[in-house]
Amino acid sequence: MLAYCPEPLPGLRRDRALTGPTDVVALSIVYVGQAAALLATESGILVPVTTGSTCLVPGGLGVPDQAALAPVLVRWLELADDHRAPGIDLRAWHAAATTVELRIPAADRAVISAALVAELDRGLPNLSSRTAGFALGERAEKLTRLALQPPSGELGACVAETVGAGMGTTPAGDDVICGVLAGLDLLGFGDAHQRLGAAVAPRLSCTTRSSRHLLAAAAAGRYTEGLIRLATALAWASAPAVHHALDALARWGASSGLDQATGFAAAVRAGALVGVGVR
Amino acid sequence: MIGGGVQVINAGLPLIVEGVPAPDVTQLDWRPPAFSDLAAARAMIALDDETTAAANAVAIAAVHAVHPRVVGIRPARAAIDALAGPARTMLHAGPPIEYSRMCGPMRGALVGAALLEGWAATPAEAERALAAGDIAVEPCHHHGAVGPMAGVVSPSMPVWQVTDDAGPPRRHAFATLNEGLGTVLRFGAYGPEVIDRLRWMAEVLGPVLDAAVQASEPIDVTTLIGQALAMGDEGHNRSVAASALLARRLAPAIAPLDGAVEVLRFLAGNDHFALNLSMAAAKLCLDAAAHVPDSSLVTVMSRNGVEFGIRVAGTGARWYTAPVGPATGLFFPGYGPDDANPDMGDSAITETLGIGGFAMAASPSITTFVGGTPADALAASRSMRRITLAPHPAFPLPPLNFVGSPSGIDVLKVLDTCELPLINTGIAHRDAGVGQIGAGIVTAPPEVFLAAVHGLAAARGVHRIEAGT
Amino acid sequence: MTATLTLAASVFPRLYRDSVALLALASKLQQRENIVRAGVVMATPANLRLLAESDMLPDGVAAGPDDLLITVKGGDPGAVEEALAFASTALSNTDAGSSQASEQRPQTIAEGIDSQPGATVVTVSVPGTYAAIVAEQALRRGLHVMCFSDNVSVEDEVRLKALAARRRLLMMGPDCGTAVLDGVPLGFANVLRPGPVGVVAASGTGAQEVSCLLDRAGVGNAALVGVGGRDLSAAVCGVMTELALDLLVADRSAEVIVVVSKAPAPTVAERLLARLGKIAASGTPVVACLLGVDDADEPVVVRGTLEGAAIEAARLVGVTLAPAVAEPTAGTGPASRVLGLYTGGTLAGEAKVLLGRADLPAEVIDLGDDQFTAGRPHPMIDPGARAARIVQAAADPTVGVVLLDVVLGHGAHPDPAGAVGAAVREARAAADRPLAFVASICGTAADPQGFDAQARTLREAGVLLAGSNAAAARLAIRLAGGADTEGGRP
């Protein structure tokens with residue numbers, strides 16, 4: 001079977017977890033937005049192609065320039081005819097791409113300064129979501145607290161109320177959960193991370209396809225690049241890096257980046273309350 | 001004094017709005033409407049009111065609400081009342097036309113069908129019977145049917161039957177089975193090879209497909225077309241994706257049946273097989289609005305090789321016709337414009353619904369095939385928005401941000417913009433039996449819309465009198 | 001209580017939009033009249049539950065997590081339905097922002113409205129045969145029309161104005177040369193300071209002259225509504241004049257209303273004066289400027305000249321506007337014929353009235369009349385035709401005084417005085433006798449051509465400049481040896 005094989009673009013990057021090139025032999029389009037294209041493998045796994053320098057997404061490919069992606073997609077649509085399957089073959093991109101590890105580096109855990117957490121809080125807008133129906137920060141703190149506690153039905157109920165809540169392609173509730181998972185990860189709360197991830201798993205069908213993809217990745221310890229940068233900035237104890245990472249997140253999606261940061265910050269703060277992780 | 005402030009649309013000299021702040025002005029690229037036919041322009045404006053708008057909203061909603069489902073494949077004599085006999089009747093494409101005025105390929109196809117039915121022993125005998133009226137001919141569209149190219153339907157031919165589960169009354173539409181490319185009846189060929197294939201289609205293909213349809217999950221044709229558009233079909237000149245999807249759906253049910261191998265081999269070799277089903281579905285959809293009073297929605301566009309004809313919802317069964325020319329496009333090696341037959345076939349029912357030329361953006365490869373560029377494909381679909389009532393909710397076009405294909409031609413918008421419907425079409429040789437010699441694009445002739453607007457205005461006049469009595 | 005509210009929903013299967021777009025849509029929906037609340041969300045169970053908790057989920061909504069759901073609650077079913085239709089349109093219009101968006105300019109009225117949904121006025125200057133069609137398209141879509149085109153039949157005018165009046169829309173024209181609505185000039189329009197005088201004009205340059213005289217006296221303009229030269233004819237019967245008066249009165253921004261027209265048909269005049277009498281009685285003073293009609297103060301103030309109407313309107317707002325005194329008449333010409341070469345129709349009409357009262361040998365030509373403009377631009381746009389006639393006047397030994405108008409403002413030629421000046425110099429050089437040129441400028445200091453600069457150009461060319469068209473006519477009369485019958489009047 002033939003497919004459109006675009007030439008690699010300069011500066012391609014990919015999630016290391018986007019494994020064998022067989023995954024990207026024949027991709028179909030799910031959704032094309034202004035700055036990203038959501039592709040899917042034949043088995044239905046999403047491969048988000050995102051644009052921007054810090055916008056790589058789990059299981060996805062990153063193109064540095066938005067203007068470079070559009071002609072490729074248009075060209076692909078032009079080439080679909082009788083002799084070519086309506087697929088796009090991104091093996092060449094896969095091979096040319098620099099791999100990026102979308103995990104929070106283990107060495108950076110558990111060295112968070114309280115001053116930097118305060119810095120992070122200052123950088124966040126005071127979000128009370130108009131659409132999720134709850135205050136994102138409080139919900140994130142509750143999720144963190146329940147995840148850190150011994151297993152109870154309460155966590156599942158709280159997750160059920162949060163998954164899929166909010167407007168847009170990735171509802172704000174899901175972004176908050178991704179952020180909390182990243183925060184727990186950074187603080188080294190492996191058990192809590194696992195408990196929250198397990199509570200999310202049965203609820204995946206309750207949200208959008210793209211959100212499902214991101215939640216499943218976060219439960220498996222893989223996050224959007226912007227969130228990784230923020231975690232790394234905290235671990236480096238660098239205030240300018242924190243601000244820089246927040247700026248980048250603020251440009252991610254409509255409010256998704258900041259919703260994720262809100263979840264992340266709440267988890268880090270809640271971690272401080274249990275006296276572990278924050279210095 | 002002006003609620004909302006002075007925001008100006010300027011039709012004419014820019015000088016007039018010299019003193020208005022530029023952001024508050026939209027300068028029109030104004031041109032005379034109605035192809036510069038003043039009387040038609042006046043009729044257009046007389047109809048441009050709430051009554052027409054409301055009727056059009058009803059009409060397009062009715063069209064979009066239809067979800068054609070395949071009932072089965074049945075012999076035409078059993079499916080279409082007019083072909084049940086005992087009178088010898090056949091159907092043809094396009095608006096009504098007598099045998100004596102028909103073009104070569106259509107005559108050839110009728111001769112072939114007469115031979116197939118055993119109504120004549122020789123071609124000459126068939127011609128005499130047709131010329132004498134011993135074999136009657138009527139348009140497919142008069143009987144809920146559609147056929148590509150010559151569009152000839154005779155009693156023993158198997159036809160797709162589609163229905164909408166809404167109702168009552170339960171409505172049906174029909175189309176012949178596609179013979180494939182090459183030497184085929186629809187291009188006017190009637191040699192032994194053609195007649196043998198038609199016999200096989202009646203005796204093996206039709207019954208096997210019907211059995212497979214009955215044994216399968218119901219086939220929703222709207223969904224099938226929608227999927228095919230996402231896979232690069234435009235639904236008229238390119239039906240390869242729809243054909244593949246259809247074959248995939250039916251193959252498991254065909255496999256256990258007698259004759260399965262030859263049927264599957266036939267399907268594998270016919271990239272246009274789903275076209276006829278799409279046509280039947282489009283016909284069923286548009287028939288839902290066929291008699292909506294006061295609506296200026298075009299419900300039929302069709303050609304008989306001599307004339308182009310349209311029907312409009314507000315005037316029901318009335319045809320508006322004008323002479324038709326050949327398509328412009330690309331010719332197969334060895335052929336040129338001089339060999340081309342004037343445009344022919346009921347397949348423009350696809351454009352009438354909003355696929356084919358209207359969905360060109362879905363299929364840039366077709367644009368290349370008919371001599372354009374991929375950018376032309378996007379432009380074509382965009383320009384058809386100007387003359388249609390609404391995007392089709394079930395036919396999103398990926399390259400246009402998944403906005404639905406422009407659907408439902410409005411006679412008034414055609415006249416207001418002077419933008420003519422684009423129709424993707426195959427080009428037949430002018431001599432019977434040579435077959436397809438190219439493919440291209442035709443635009444509907446302006447005259448049919450000019451005539452239609454007068455017809456609509458006259459119909460509205462009648463309504464007013466009725467309302468007054 | 002929610003009992004009286006209507007709640008309805010629309011589902012858009014597998015439709016993805018980012019949340020900025022959805023937020024913007026939700027807020028637009030909520031701003032609509034009679035809409036209480038709107039929800040625009042992906043139909044995840046969590047969102048459905050939130051909607052249900054806030055009484056925003058209608059019964060029987062079937063939608064999944066990948067479907068977009070819009071719910072709207074409002075005061076009446078119509079508003080809710082319209083809001084949902086609006087949402088549907090807004091969601092389907094997203095292609096406009098895509099990179100390959102069409103560059104095509106709108107061609108038709110409907111397409112113009114699509115690209116400028118806030119449009120309120122359509123200006124029409126297409127060929128007259130199509131002008132009625134374009135105007136009707138605009139009126140049917142609820143837009144006011146300013147129709148500059150002429151050659152529209154009386155039947156069409158009557159029909160269009162009846163349609164407009166039913167919908168309380170302005171149908172200005174056909175053959176409407178000027179309008180100033182909410183301070184925005186359309187067509188041939190002067191730049192007027194805002195102020196208390198509302199003008200309804202069945203005559204373009206007449207309204208311009210009245211409002212310019214007032215402007216130069218410091219009295220600004222509230223609105224200038226043109227209605228077209230035939231509005232006060234027996235056939236059209238003043239339909240649009242009446243509607244314009246209604247709208248002006250309702251708008252309350254005009255303290256004084258002036259109606260400017262050539263002398264209307266007697267039956268129409270009667271009706272108009274009755275209507276004006278009612279307006280005056282209810283507290284807004286009115287002046288009827290009916291060209292050539294005898295001045296009267298009861299029951300309605302009537303003035304037969306533009307200048308007279310301007311003086312009266314100024315008086316009504318407490319400003320004294322004296323009749324313009326002609327400049328000193330150096331080198332008075334011999335008693336001979338006055339030739340008026342006009343670009344403004346009503347200015348020509350006013351000159352005819354005054355010259356007629358003086359009973360002098362005179363001829364006034366309106367070069368803007370159809371018989372001179374067929375196939376060429378209006379002389380206010382292209383001064384060439386008049387320049388040629390100015391030069392020709394030198395060769396006519398019966399002509400002693402040439403009377404001119406110079407009209408400024410948007411739409412007019414960028415330097416009409418320059419064209420006049422050049423022609424005057426050429427005529428003087430060619431003439432074998434003393435020849436006087438008298439002009440007035442219809443314009444304001446703020447006009448693009450600049451009043452003072454145009455005045456200087458005329459003076460430098462030896463043109464005698466009067467402060468108003470009426471004053472110019474009076475000066476011409478004196479130069480031609482006649483008695484000025486008007487000058488003494490206030």
Side-chain angles (χ1 to χ4, degrees), chain B residues 1-21 23-34 36 38 41-42 44-46 48-50 53 361 375 378-379 382-383 385-386 390-391 393-394 396-397 399-404 412-413 416-419, chain C residues 15-16 92-95 97-98 100 102 104-113 115-116 118-127 129-134 136-138 140 143-144 146 148-149 170 181-187 189 191 222-223 225 247-248 250-251 253 381 409-411 448:
Chain B
M1 186 162 168
I2 302 296
V6 178
Q7 297 210 28
V8 186
I9 293 171
N10 187 34
L13 310 169
L15 181 81
I16 302 299
V17 289
E18 195 183 271
V20 185
D24 295 339
V25 178
T26 296
Q27 175 66 44
L28 298 185
D29 181 18
W30 187 86
R31 318 213 186 135
S36 301
L38 197 58
R42 286 186 169 277
M44 169 190 86
I45 189 68
D48 180 18
D49 63 4
E50 292 82 357
L378 300 182
R382 284 209 180 87
S383 65
R385 284 183 190 163
R386 304 179 68 205
L397 300 180
L400 294 178
N401 259 0
F402 295 89
V403 176
L412 301 188
K413 288 187 174 182
D416 198 17
T417 60
C418 298
E419 187 84 61
Chain C
L15 187 72
Y16 306 102
S92 61
N93 279 348
T94 54
D95 180 44
S98 77
Q100 316 100 359
S102 164
Q104 188 172 19
R105 252 208 281 178
Q107 176 187 325
T108 66
I109 296 295
E111 290 176 348
I113 294 170
S115 74
Q116 192 185 351
T120 48
V121 179
V122 171
T123 45
V124 183
S125 54
V126 304
T129 41
Y130 292 105
I133 288 164
V134 177
E136 186 159 354
Q137 288 179 322
R140 284 187 186 278
L143 278 76
H144 302 283
M146 193 260 203
F148 186 82
S149 313
L170 290 171
L181 303 172
D182 297 332
V184 178
L186 299 173
V191 180
V225 184
L247 295 180
L248 264 181
D251 188 51
S253 58
I381 300 171
H410 289 293

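These figures come from a predicted structure and were not determined experimentally. First the proteins, then the strands, lettered A, B, ... as listed; each starts at 1.
Every residue was checked against the salt bridge (charged side-chain N to carboxylate O under 4.0 Å, His left out) condition with C:D251, not counting sequence neighbours, and none meets it.
If you measure heavy-atom distances from B:S383 to chain C, you find no contacts under 4.5 Å at all. Interface remark: B:E50 contributes side-chain atoms only to the contact with chain C (heavy atom separation under 4.5 Å). Heavy-atom distances place the side chain of C:A223, and not its backbone, under 4.5 Å from chain B. There is no contact between C:V191 and chain B, counting heavy-atom distances below 4.5 Å. At a 4.5 Å heavy-atom cutoff, the contact between C:V126 and chain B is made by backbone and side-chain atoms alike. Heavy-atom distances place both the backbone and the side chain of C:I113 under 4.5 Å from chain B. For chain B, no part of C:S253 is nearby; none of its heavy atoms comes within less than 4.5 Å. If you measure heavy-atom distances from C:Q107 to chain B, the contacts under 4.5 Å come from both the backbone and the side chain. For chain B, the nearby part of C:V134 is the side chain; its heavy atoms alone come within less than 4.5 Å.
Here the closest heavy-atom approach between residue C:G411 and residue B:E18 is recorded as N-OE2, 3.0 Å. Heavy atoms only, all atoms of each residue included: B:M1 and C:D182 are closest at N-OD1, 2.5 Å. Closest non-hydrogen pair, B:R42 versus C:I133, comes out as N-CD1, 4.0 Å. Here the closest heavy-atom approach between residue C:G112 and residue B:I9 is recorded as C-CD1, 3.6 Å. Nearest heavy-atom pair, C:Y130 versus B:P33, reported as atom, atom and distance to 0.1 Å: CD2-CD, 3.6 Å.
One distance of note links CZ of C:R105 with OG1 of B:T26; it measures 10.0 Å at 0.5 Å rounding. Going from atom CE of B:M44 over to atom CD of C:E136 covers 9.5 Å, rounded to the nearest 0.5 Å. Considering CD1 of B:I45 and CD of C:Q137, their distance stands at 4.5 Å, rounded to 0.5 Å. Put simply, CZ on B:R386 and OG1 on C:T108 are 6.5 Å apart, with the number rounded to the nearest 0.5 Å. Note that CG of B:L15 is 5.0 Å distant from CD1 of C:I381, once rounded to the nearest 0.5 Å. A distance of 5.0 Å separates CG of C:L170 from CD1 of B:I2, quoted to the nearest 0.5 Å.
When the candidates B:G12, B:A379, B:G4, B:A390 are compared by the number of heavy-atom contacts under 4.5 Å with chain C, B:G12 comes out ahead. No other option in B:T417, B:V20, B:D29 has as many heavy-atom pairs under 4.5 Å with chain C as B:D29. The greatest number of non-hydrogen atom pairs below 4.5 Å with chain C, out of B:G19, B:A34, B:P14, B:P21, is found for B:G19. Per-residue heavy-atom pair counts under 4.5 Å with chain C were compared for B:L28, B:V25, B:D24, and the maximum is reached by B:L28.
Using modelled atom types, one side-chain atom of C:T120 and one backbone atom of B:G5 make a donor-acceptor pair closer than 3.5 Å. Distance alone, capped at 3.5 Å, places no donor-acceptor pair between the C:T123 side chain and the B:I16 backbone.
Contact annotation: the side chain of B:W30 never approaches that of C:I109 to less than 4.5 Å [non-hydrogen atoms, C-beta and beyond].
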Start with the C-alpha distance between C:L186 and B:V8, add both sets of side-chain angles, then the distance that settles side chain to side chain contact (heavy atoms under 4.5 Å, CB included), and finish with yes or no. CA-CA 9 Å; C:L186 299 173; B:V8 186; 4.0 Å; yes
